[in-house]
S.K.: 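Here's a structure for you.
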Amino acid sequence: MQANTQKLVAYGNYVAGQTLPSAAGQMFASVNPATGQKWAQFVESGTDDVDAAVQAARSALSGPWGALSPTRRGRLLMAWGEKIAEEAENIARLESAQNGKLLAEMKAQANVVKEWLYYFGGLADKVEGRVVPIERQSVLNYTLREPIGVVGVIVPWNSPTFLTIMSCAPAMAAGNTIVLKPSEVTSASAFELARLAELAGIPPGVINVVTGGRAAGEALVDHERVAKICFTGSDAAGRAIAARAGARLAGCTLELGGKSPNIVFQDASVDNAVAGVLSGIFAAAGQTCIAGSRAYIHESLYDQVVERLVQRAQAIKLGDPLRADTQMGPAATAAQLQKNLTMVARAVDGGAEVLSGGKRAQVSGMEQGYFFEPTILHRLKADNPLMHEEVFGPVLAVTSFRDEEEVVALANNTQFGLAAGVWTRDLSRAHRLAKRLQAGTIWINTYRAMACNSPFGGYKSSGIGRVNGIEAVDQFLQTKSVWCETSDEIQDPFVLKV
Ligand code: NAD
């Protein structure tokens, strides 16, 4: 799958178990964000590369994968989970070298995806149709729930293995085959996942990997044999993909961005709330879709909580993501670092005040790394772009509020609706807020919790459809209604009965 060319490791696409070179001879390089150095190159896939992968996925669908019983398919997904866990360290190193996220976080994700593959593997033979009671008693009507076909999976760079498995596990449990296009920032681990699938006994062609950027993604979205797109990424790309897929009436599951609020009420445990707000925004250097990037703090606690947040933010240890004592790594790309800087500068121009951070950070020995200080701002006007647009960096906007009515209106005043955190000891208030907040996930006295069996997805511009939970399998099935007349009575409307 890989060979050394000069200093850069060169990867081909992975199609039907074979490594394929670029059809047009186009490659792109990947940069390690902690060092700023190029280390690998990947195929810049075009329509011919994508077409080869889609054909392989179609052959596997009508061939070995389609021939397997759902139970056997499920067992293979579980075996795949075991293999990935065995290789978690290797996968995590590849990812950390591409997105600069902490090795420990990437390793934990590569370890935990086996839970997803056990869960969805277990669901594979629990997909059932039903018998529908029809008015005419002699008719037997039942439903068959069938795979859609080839699913195009497009994922971002922030949690490559985790998000790939979140998309592929339910799609494969439902009997579909996959063409995966990883992010151009983090392409390497996708090849490990595909290789391990085959080691686990999943037939070649069930998972195919094509690398590249936007053009490769567009070629996948446009391919007439791709039945559905499962996309995770920014809302801008999600809108573009939905429009393209819609033009040929292909379905989409979209897992998009967020501007999630974390609300601290006057009766909250301050220790827990501070820890929750802090990890909500600064874990993973803010590079998670569920980042709690807006904190609303009751006016009675505001000064106290903000002071503690600032102290804790300033104590976060930035550094080499491979070191166990590092708490925050760099931004994944030079473009993301620039976005952090630009959005903070724009907020300040609009009247915001920086309480902590706000600048590029220097890490000794890693001077070329894309490090950015954990940043807290306040005094942001409601129309400041920082209150509405996703930064995808470690940038927190804090605002005080007077009462529940006000904070519900503030929290919901965004195009996004991915998640929301509520910190309170008042049980009635907690559940009132759970109903009133417009988001796909509500966390009460916790933040960033997620499980394979609990549905996850966005309200409003944060997405369409759900991953995780039984709902996820439904996204990848189509229902057929079968009608069978069991009586011999002739039903010919053109024959007159006398
Ligand atoms: P991105 O949208 O730029 O890219 C995501 C993927 O889509 C990449 O593989 C990219 O090559 C591809 N792509 C981009 N434009 C495309 C187009 N027009 N057509 C087809 N493919 C296209 O996102 P990113 O910068 O890689 O990741 C960060 C974003 O992902 C953030 O907005 C974050 O909130 C979101 N995200 C969402 C979830 C979720 O579950 N809701 C999880 C993680 C990240």
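This is a predicted model, so every value here is computed, not measured. Just so you know, ligand 1 is whichever comes first in the structure, and atom 1 is the first atom listed for that ligand.
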S.K.: Please report which non-hydrogen protein atom sits nearest to atom 25 (O) of ligand 1, along with the residue it belongs to and the distance in Å to one decimal place.
M.R.: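 The protein heavy atom lying closest is W157 NE1, 3.1 Å.
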S.K.: Among all protein heavy atoms, pick the one closest to atom 1 (P) of ligand 1 and tell me residue, atom and distance.
M.R.: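 Ranking protein heavy atoms by distance from atom 1 (P) of ligand 1, first comes S234 OG, 3.6 Å.
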S.K.: With atoms numbered from 1 as shown, which atoms in ligand 1 lie under 4.0 angstrom from a non-hydrogen atom of L163?
M.R.: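 Checking each atom against L163, I get 42 (C), 43 (C).
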S.K.: At less than 4.0 angstrom from any non-hydrogen atom of E218, what atoms of ligand 1 do you find?
M.R.: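 Every atom of ligand 1 under 4.0 Å from some heavy atom of E218: 18 (N), 19 (N), 20 (C).
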S.K.: Within the 4.0 Å heavy-atom shell around I154, which atoms of ligand 1 are there?
M.R.: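 With I154 as reference, the close atoms of ligand 1 come out as 6 (C), 7 (O), 9 (O), 12 (C).
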S.K.: What's the separation between atom CG in N176 and atom CZ in F476, rounded to the nearest 0.5 Å?
M.R.: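 These two atoms lie 7.5 Å from each other.
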S.K.: Using distance alone, with no hydrogens and no angle criterion, decide if Q415 and S461 have a side-chain donor and acceptor under 3.5 Å apart.
M.R.: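 Yes, because at least one side-chain N or O of Q415 sits under 3.5 Å from a partner of the opposite role on S461.
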S.K.: Under a 4.5 Å cut-off applied to non-hydrogen side-chain atoms, are L386 and V391 in contact?
M.R.: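 L386 vs V391: side chains touch.
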S.K.: Ignoring hydrogens, just give me the one of L180, I241, T211 whose non-hydrogen atom is nearest atom 22 (C) of ligand 1.
M.R.: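 Heavy atom nearest to atom 22 (C) of ligand 1 belongs to I241.
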S.K.: Charged N to carboxylate O below 4.0 Å: is that the case for R248 and D222?
M.R.: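 Result for this pair is no, no salt bridge flagged.
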S.K.: For atom 17 (C) of ligand 1, find the nearest protein heavy atom and state the residue, atom name and distance (0.1 Å precision).
M.R.: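 Nearest neighbour among protein heavy atoms for atom 17 (C) of ligand 1, to 0.1 Å: R214 CG, 3.7 Å.
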S.K.: Counting only heavy atoms, tell me which of G257, A419, G233 gets closest to atom 35 (C) of ligand 1.
M.R.: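 It is G233 that holds the nearest heavy atom.
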S.K.: Check the side chains of T186 and E95 for a donor-acceptor pair under 3.5 angstrom, ignoring hydrogens and angles.
M.R.: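 No, T186 and E95 have no side-chain donor paired with an acceptor closer than 3.5 Å.
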S.K.: Can you tell me which residue and heavy atom of the protein come closest to atom 10 (C) of ligand 1, and the distance to 0.1 Å?
M.R.: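 Result for atom 10 (C) of ligand 1: E184 OE1, 3.5 Å.
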S.K.: How far is atom 34 (O) of ligand 1 from the closest protein heavy atom, and which atom is that?
M.R.: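 Of every protein heavy atom, E390 OE2, 2.5 Å lies nearest to atom 34 (O) of ligand 1.
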S.K.: Can you tell which of F231, F456, F392, F162 gets a heavy atom nearest to atom 28 (C) of ligand 1?
M.R.: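 Residue with the shortest heavy-atom distance to the ligand atom: F392.
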S.K.: Using a strict threshold of under 4.0 Å (side-chain N to carboxylate O), is an ion pair present between D51 and R225?
M.R.: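 Result for this pair is no, no salt bridge flagged.
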S.K.: Answer with yes or no whether the side chains of K101 and S96 bring together a donor and an acceptor at under 3.5 Å.
M.R.: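 No.
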S.K.: Against ligand 1, does G213 come closer than 4.0 Å with any heavy atom?
M.R.: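 Per 4.0 Å heavy-atom rule, G213 contacts ligand 1.
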S.K.: More than 12 foreign heavy atoms under 6.0 Å from NZ of K126: is that the case here?
M.R.: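 Buried by this count: over 12 neighbours within 6.0 Å.
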S.K.: Kindly state if atom 4 (O) of ligand 1 has a protein heavy atom within a strict 4.0 Å cut-off, that is, under 4.0 Å?
M.R.: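 Within 4.0 Å: no protein heavy atom nearby.
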S.K.: Is any N or O atom of K181, backbone or side chain, closer than 3.5 Å to an N or O atom of ligand 1?
M.R.: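 Checking ligand 1 against K181, an N or O pair does fall under 3.5 Å apart.
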S.K.: Does a side-chain N-to-carboxylate-O contact under 4.0 Å join E218 and R244?
M.R.: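 Counted as a salt bridge, because a side-chain N and a carboxylate O are separated by less than 4.0 Å.
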S.K.: What residue and heavy atom of the protein are closest to atom 41 (N) of ligand 1, and at what distance?
M.R.: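 Result for atom 41 (N) of ligand 1: L256 O, 2.7 Å.
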S.K.: Any idea which atoms of ligand 1 are less than 4.0 Å away from a heavy-atom of T232?
M.R.: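 The atoms of ligand 1 under 4.0 Å from a heavy atom of T232 are 5 (C), 37 (C), 38 (C), 39 (C), 40 (O), 42 (C), 43 (C).
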S.K.: List the steps, then state whether ring pair (Phe, Tyr, Trp, His ring centres under 6.0 Å) holds for F42 with Y11.
M.R.: CA-CA 5 Å; F42 299 90; Y11 286 79; 4.7 Å; yes
S.K.: Between the candidates A335, S462, C289, which shows the shortest non-hydrogen contact distance to atom 37 (C) of ligand 1?
M.R.: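 Closest candidate by heavy-atom distance is C289.
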S.K.: Which atom names give the shortest non-hydrogen contact between A60 and P204, and what distance separates them?
M.R.: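 Scanning both residues completely, I find the closest heavy atoms to be CB-O, 4.0 Å.
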S.K.: Ignoring hydrogens, just give me the one of V155, N99, N158, V153 whose non-hydrogen atom is nearest atom 9 (O) of ligand 1.
M.R.: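 Shortest heavy-atom distance from atom 9 (O) of ligand 1: V155.
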S.K.: Can you tell which of G238, A237, G212, G457 gets a heavy atom nearest to atom 14 (C) of ligand 1?
M.R.: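 Selected option, by shortest heavy-atom distance: A237.
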S.K.: Of the protein's non-hydrogen atoms, which lies at the shortest distance from atom 27 (O) of ligand 1, and what is that distance?
M.R.: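 Result: P156 CB, 3.1 Å.
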S.K.: Can an N or O of D235 be found at a distance shorter than 3.5 Å from an N or O of ligand 1?
M.R.: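 So ligand 1 has no N or O lying under 3.5 Å from an N or O of D235.
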S.K.: Does this structure show an ion pair linking E390 with K259, if we count only N-O contacts that are shorter than 4.0 Å?
M.R.: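 Looking at E390 and K259, the cut-off is not met.
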S.K.: Can P182 be said to touch ligand 1, with heavy atoms closer than 4.0 Å?
M.R.: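 Under 4.0 Å: yes for P182.
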S.K.: Less than 4.0 angstrom from a charged side-chain N to a carboxylate O is my criterion; do E389 and R346 meet it?
M.R.: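 Judged by the 4.0 Å cut-off on N to carboxylate O distance, E389 and R346 do form a salt bridge.
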